[in-house]
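Inspection log for the structure reproduced underneath, given as structure tokens.
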Amino acid sequence: MKKNVFVFSRLSPEHQQRLRHNFNVTLLDPAGDIDAQYASALPEAHGLLGVGRPFGRAQLERAGRLEVISTISVGYDNYELAYLNERGILLTNTPDVLTETTADLGFTLLMAAARRVPELDAWVKAGHWQAPVGPAQFGSDVHGKTLGILGLGNIGAAIARRGRFGFNMEVLYSGNSRKPALEQELGARYCGFDELLGEADFVVLVVPLSAQTRHLIGRRELALMKPSAILVNVARGPVVDEAALVEALQNGQIRAAGLDVYEKEPLRESPLFALPNVVTLPHVGSATHETRQAMAELALDNLERALLGGTPRHRVNPQVRAR
Ligand code: GLV
């Protein structure tokens, strides 16, 4: 008998068809009653596929048949892992395929904030360009500066490579473990957290969100940064105390920020909107046609393997075995 899969995110018609080949598929209708759809689908579901919704004890207590959740993301802070482990529910994710795309976006934000791209674009379109530009429109150099990476994992390393080899930047990193191979490859220098904050011209956040990294950057940390420094966040919003960041940007404590993620998403209203020295993107780190396609393929593959008797390629909690 076919197992039941509940898809809670948008899925292309081709992927829907592929899924229907092996499973009874229910798709969430975003225009319908969301809670009612979850209430009827979860008790029946053997597998869940999607991204962007929290799942833990509160949501899954009635999901008695659930074997696997396949998230279409690399990050898994939306999932209450201890509860999934207790229940024997496997969680799979989609790393690697989004590494270079997310690094592109991280570097885009860094450059856009440094050279004030959105601000000057709006300025030109508003008809303000009536004479050659002066210091009021000048930005900051990127090449040759110091790039501080917090979270030198795959994406962090890909951003560091862009800085080192594309822009001749000095790379600093901090964290729980040293990465000798990256130190060798990039000439990256391992240093203390406070030292990195004090020395970097660009502080780029790429750490996963956890109890340890929530509000990693707050008032104290922003005060340690140079007044000329730029903060880039492509990790998760709660890694930064957003109220403290707003204050720091308002007071000129740091020069600018490039943000892809926020404490509360979608960001509908925010004091950030009034600040010209912040570039705001709508959580698009991996959002290219090619990469989102690759992520969906990988998430489907993970789900199929988990429910049809294979071993998924990317298991977050491999100690749990799919039934
Ligand atoms: C994006 O934020 C992801 O975790 O894939």
Side-chain angles (χ1 to χ4, degrees), residues 7-12 15 48-56 59 68-81 84 90-110 112 149-160 162 175 204-217 231-240 242 245 257-268 272 279-303 306 312-318:
V7 180
F8 59 96
S9 290
R10 199 197 67 80
L11 202 61
S12 72
H15 287 144
L48 300 180
L49 176 74
V51 63
R53 188 164 169 114
F55 282 106
Q59 294 78 18
V68 59
I69 304 177
S70 173
T71 182
I72 314 174
S73 64
V74 63
Y76 47 85
D77 45 287
N78 259 335
Y79 303 91
E80 202 182 310
L81 211 49
L84 299 188
L90 182 68
L91 177 65
T92 64
N93 69 340
T94 62
D96 303 342
V97 292
L98 48 56
T99 298
E100 298 299 327
T101 297
T102 307
D104 285 348
L105 194 276
F107 221 84
T108 301
L109 268 176
L110 183 157
I149 306 271
L150 290 173
L152 194 64
N154 290 342
I155 298 171
I159 293 174
R162 283 156 176 75
V204 180
L205 306 175
V206 212
V207 286
L209 176 62
S210 67
Q212 288 72 42
T213 61
R214 188 172 292 274
H215 284 193
L216 181 70
I217 302 294
L231 180 73
V232 173
N233 189 4
V234 286
R236 284 292 184 266
V239 171
V240 176
E242 214 164 273
L245 175 62
L259 307 176
D260 189 37
V261 288
Y262 308 89
E263 289 205 80
K264 188 170 179 334
E265 298 178 9
L267 187 69
R268 295 233 171 85
L272 291 167
V279 181
T280 50
L281 291 181
H283 200 150
V284 287
S286 64
T288 63
H289 294 290
E290 300 90 334
T291 294
R292 284 294 169 86
Q293 166 84 7
M295 289 167 72
E297 296 270 337
L298 179 51
L300 247 70
D301 186 72
N302 283 334
L303 182 87
R313 278 190 279 168
H314 297 287
R315 294 170 296 165
V316 173
N317 52 352

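Owing to the predicted nature of the structure, the values given are computational and were not obtained by experimental measurement. In listed order, ligands and their atoms are each counted from 1.
Of all protein heavy atoms, the one lying nearest to atom 5 (O) of ligand 1 is Val74 N, 2.8 Å.
Salt bridge Glu100/Arg162: present, at least one basic N to carboxylate O contact under 4.0 Å.
Using a distance-only test at 3.5 Å, with no hydrogens or angles considered, no donor-acceptor pair links the side chain of Asn154 to the main chain of Asp96. Under the 3.5 Å distance criterion, the side-chain polar atoms of Asn233 are matched with a main-chain donor or acceptor of Arg236.
The distance from ligand 1 to the heavy atoms of His283 drops below 4.0 Å at these ligand atoms: 1 (C), 2 (O). The Leu98 neighbourhood of ligand 1 comprises atoms 5 (O), with distances under 4.0 Å to a heavy atom of that residue. Contact atoms of ligand 1 toward Arg236: 1 (C), 2 (O), 3 (C), 4 (O) (distance under 4.0 Å to a heavy atom of the residue).
Checked options Asp301, Leu298, Asn302; the residue passing with Thr92 is Asn302 (criterion: side chain to side chain contact (heavy atoms under 4.5 Å, CB included)).
An N or O contact shorter than 3.5 Å is missing between Ile72 and ligand 1 by distance.
Under the 30°/60° scheme for interplanar angles, the aromatic rings of Phe55 and Tyr79 are found to lie parallel.
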